[in-house]
Student: 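The following block contains the structure, expressed as structure tokens.
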Protein chains: 2
Amino acid sequence: MLKEERQQTILSVVELHNRILLTDIAESLDVSIDTIRRDVKELDAENKLKKVHGGAISLGFTTNSVKNQNIYRLEQKTRIAEKAITLLKDGSVIFVDGGTTCNELARLIPSNLDLTCFTHSIPVAMELLAKPNVTVILIGGQVSKESQISIGANAIHNLSEIKVDYSFIGTGYVDSFYGLTEFDWDIVQVKKAIIKCSKKTVLLSISEKLNSQHRYKSCDINAINTMITELEPENELLNSFRNHDIRIL
Amino acid sequence: MLKEERQQTILSVVELHNRILLTDIAESLDVSIDTIRRDVKELDAENKLKKVHGGAISLGFTTNSVKNQNIYRLEQKTRIAEKAITLLKDGSVIFVDGGTTCNELARLIPSNLDLTCFTHSIPVAMELLAKPNVTVILIGGQVSKESQISIGANAIHNLSEIKVDYSFIGTGYVDSFYGLTEFDWDIVQVKKAIIKCSKKTVLLSISEKLNSQHRYKSCDINAINTMITELEPENELLNSFRNHDIRIL
DNA sequence: TTGAATCATGCAAATGTAGGCAATAAATTG
DNA sequence: CAATTTATTGCCTACATTTGCATGATTCAA
């Protein structure tokens, strides 16, 4: 039997049954297990199936049922969150925005830290509930499906009635000249309200977003008191932000 | 059975039932509990599910009050939720309470149903966000750690400004004479506000809670318009509720 | 606080894997 | 066609992974 022919057979069996055992296929094709192993290794390298210990699995079988909720640039965001946490101390009253970076911040808050956290983000609230010493106060309102945060008049009104020490916010786009901008008008309105209710505003943003802009403006760049990226503070990519009285971490 | 295959199976079961017991899975897949434990540990490390003592829960369903991991009760609650959903039609404006039963209701809402849902429960909001045709409006306020719902003056105030067709509520305890009661005073205040803002109130309760009572009272039993348990409506356990003008499903 | 359930750990048996080697088959080249 | 190179295959050995079990630690609920 030709190698090519054998590999085709292996593929069809995998497609048909979603999986095979190397021993089974070796027996049914009457070749040695080593040959099959080599075949499967090649097919795996060609991305035609997935080789696992003792057998192989159809690609569709794995990718369909596993939800890939990989967070983009998670390591950078973790680094940012770690820096942000150094700003917190017992008794702080803070606001935490939505988005994956702020979510990471919420997740990494040490459980012995005594905080009062406001948030309008459902995932952030969820994370914060796991911290025994954090008082969580939810800002209600209509919830945006994509961003999973409360938006709209009600949310903005509620924000107008509070005052926090720090707010930690994310942004869609940030530029040293154009400031913080977003794609979505409703989000911008909420961001404005958040900045208004904060004594100090901390921007969390991965460096990839630097020097980008979009349609609607949340605030000028000098509305930001502290800016945190995953970069070292000295990095030259941050140069254009230095003459704005912004503390860079 | 391949390890990979087994792990896929575990994942699907977790997605399907929201939670599993390691012992159940081990038995149904006919491998040792140790193997399942190791699998779940790996899947947890890969962030595909959350491992808890004695079992695992789906990530999307982080109602992590560690009790109620019993699959038997879950099935009762699923049954209740299925009945409750028959009350809904396109355009309905409803309120969904917190608790595992209401969470189940939220999870099972068909994705083609057009609804406006108010809720003060973070896990419920989370579930509802997955439904493209459901408008989610969050009631804000201080969030209770155990019950993961907004409570307090702000929540109650917000509730006073809305009116919904149906509210679906759970309760800690229910008795045909003493009505709906709770262990927690704050929760009672919110329940009262919910009932006040509803044209009709639907109680969801597993039969285990029937004829039990506690310290603080949410409402008389005849404040309830419809009552849903996992039992058949004719079941004699429900007899004491029949002379209260309550529709029993 | 106690007892039962669950968990982590180490171990051993079974099974699977990688890489080297030699025999054979196939392809290439002069 | 013959000689040489290359590819494929099976076998071997050392090593890695997986699994179930035993043990003692930990956790949970009453």
Side-chain angles (χ1 to χ4, degrees), chain A residues 1-11 13-14 17-58 61-62 111 130 132, chain B residues 1-11 13-14 17-46 48-58 62-74 100 145-147 172-173 183-184 206 208-209 212 214:
Chain A
M1 172 173 259
L2 296 174
K3 182 181 164 191
E4 187 69 15
E5 188 185 348
R6 201 177 48 235
Q7 295 197 350
Q8 281 304 322
T9 310
I10 295 174
L11 272 182
V13 175
V14 169
H17 293 107
N18 283 325
R19 56 145 217 163
I20 50 164
L21 298 179
L22 297 192
T23 48
D24 285 358
I25 201 89
E27 192 179 348
S28 74
L29 294 182
D30 198 26
V31 288
S32 83
I33 185 95
D34 303 75
T35 304
I36 297 297
R37 181 166 294 121
R38 275 184 276 240
D39 283 337
V40 167
K41 207 167 167 184
E42 280 181 32
L43 292 168
D44 180 58
E46 295 166 28
N47 262 307
K48 304 236 175 92
L49 49 68
K50 184 178 176 196
K51 183 179 181 321
V52 297
H53 192 96
I57 289 192
S58 147
F61 188 68
T62 48
S111 56
Chain B
M1 171 173 253
L2 295 171
K3 179 183 158 192
E4 195 76 19
E5 191 186 3
R6 199 179 49 236
Q7 296 194 351
Q8 291 292 338
T9 309
I10 295 174
L11 275 181
V13 176
V14 169
H17 293 297
N18 285 325
R19 49 177 86 95
I20 52 164
L21 296 178
L22 298 191
T23 48
D24 286 357
I25 269 280
E27 193 178 346
S28 73
L29 294 182
D30 198 27
V31 288
S32 82
I33 184 86
D34 304 76
T35 303
I36 297 297
R37 182 168 292 121
R38 275 184 278 238
D39 282 337
V40 168
K41 205 167 165 186
E42 278 182 33
L43 292 169
D44 181 51
E46 293 166 27
K48 305 231 174 103
L49 49 69
K50 182 165 187 229
K51 185 179 181 320
V52 296
H53 191 92
I57 56 181
S58 148
T62 7
T63 314
N64 36 13
S65 44
V66 185
K67 46 187 174 180
N68 293 333
Q69 282 175 45
N70 192 319
I71 203 161
Y72 181 59
R73 286 189 200 153
L74 174 66
T100 48
K145 280 259 166 4
E146 310 115 57
S147 48
Y173 307 85
F183 179 83
D184 190 315
I206 58 174
E208 204 174 309
K209 289 181 178 174
S212 67
H214 217 280

Student: What is the distance, to the nearest angstrom, from the CE atom on B/Met1 to the C1' atom on C/dG16?
Tutor: 18 Å

Student: Starting at atom CG of B/Leu29, determine the distance to atom P of D/dT18, rounded to an integer number of angstrom.
Tutor: 17 Å

Student: Have a look at the helix from C/dT1-D/dA30 to C/dG30-D/dC1 and give the angle its two end axes make, five pairs each, rounded to 10 degrees.
Tutor: 50°

Student: Would you kindly give the CD-to-P distance between B/Glu5 and D/dT18, to the nearest whole Å?
Tutor: 15 Å

Student: Polar pairs (N or O, both sides) under 3.5 Å between protein and nucleotides 3-11 of chain C?
Tutor:
residue, atom, partner, partner atom, Å
C/dT6, O3', B/Gly54, N, 3.2
C/dC7, OP1, B/Lys51, NZ, 3.4
C/dC7, OP1, B/Val52, O, 3.4
C/dC7, OP1, B/Gly54, N, 2.4
C/dC7, OP2, B/Arg37, NE, 3.1
C/dC7, OP2, B/Arg37, NH2, 2.8

Student: For the residue pair A/Asp44 and A/Lys51, what are the closest heavy atoms and their distance?
Tutor: OD1-N, 3.2 Å

Student: Looking at A/Lys50 and B/Glu4, is there a salt bridge between them, counting it only when a charged N and a carboxylate O are closer than 4.0 Å?
Tutor: yes

Student: According to side chain to side chain contact (heavy atoms under 4.5 Å, CB included), who are the partners of A/Arg38, at least two apart in sequence or on a separate chain?
Tutor: A/Asp34

Student: Over how many whole Å does the gap from B/Asp39 atom CG to D/dT17 atom P extend?
Tutor: 16 Å

Student: Atom CZ of B/Arg6 and atom CG of B/Leu43: how far apart are they, to the nearest 0.5 Å?
Tutor: 10.0 Å

Student: Kindly give the atom pairs (protein nitrogen or oxygen, nucleotide nitrogen or oxygen) under 3.5 Å for nucleotides 6-8 of chain D.
Tutor:
residue, atom, partner, partner atom, Å
D/dT8, OP1, A/Lys3, NZ, 3.4

Student: Rounded to the nearest 0.5 Å, what separates atom CD1 in A/Ile20 from atom CD in B/Glu5?
Tutor: 11.5 Å

Student: With sequence neighbours left out, what residues match A/Asp24 under side chain to side chain contact (heavy atoms under 4.5 Å, CB included)?
Tutor: A/Leu21

Student: For B/Glu42, enumerate each residue passing the side chain to side chain contact (heavy atoms under 4.5 Å, CB included) test, keeping only those at least two apart in sequence or located in another chain.
Tutor: B/Lys3, B/Gln7, B/Glu46

Student: Pick one: which of B/Val40, B/Ile10, B/Asp39, B/Val31 meets side-chain contact (heavy atoms from CB on, under 4.5 Å) with B/Ile25?
Tutor: B/Ile10

Student: Under 4.5 Å between any side-chain heavy atoms of B/Gln8 and A/Asn18, yes or no?
Tutor: no

Student: Under 4.5 Å between any side-chain heavy atoms of A/Leu49 and A/Ile57, yes or no?
Tutor: no

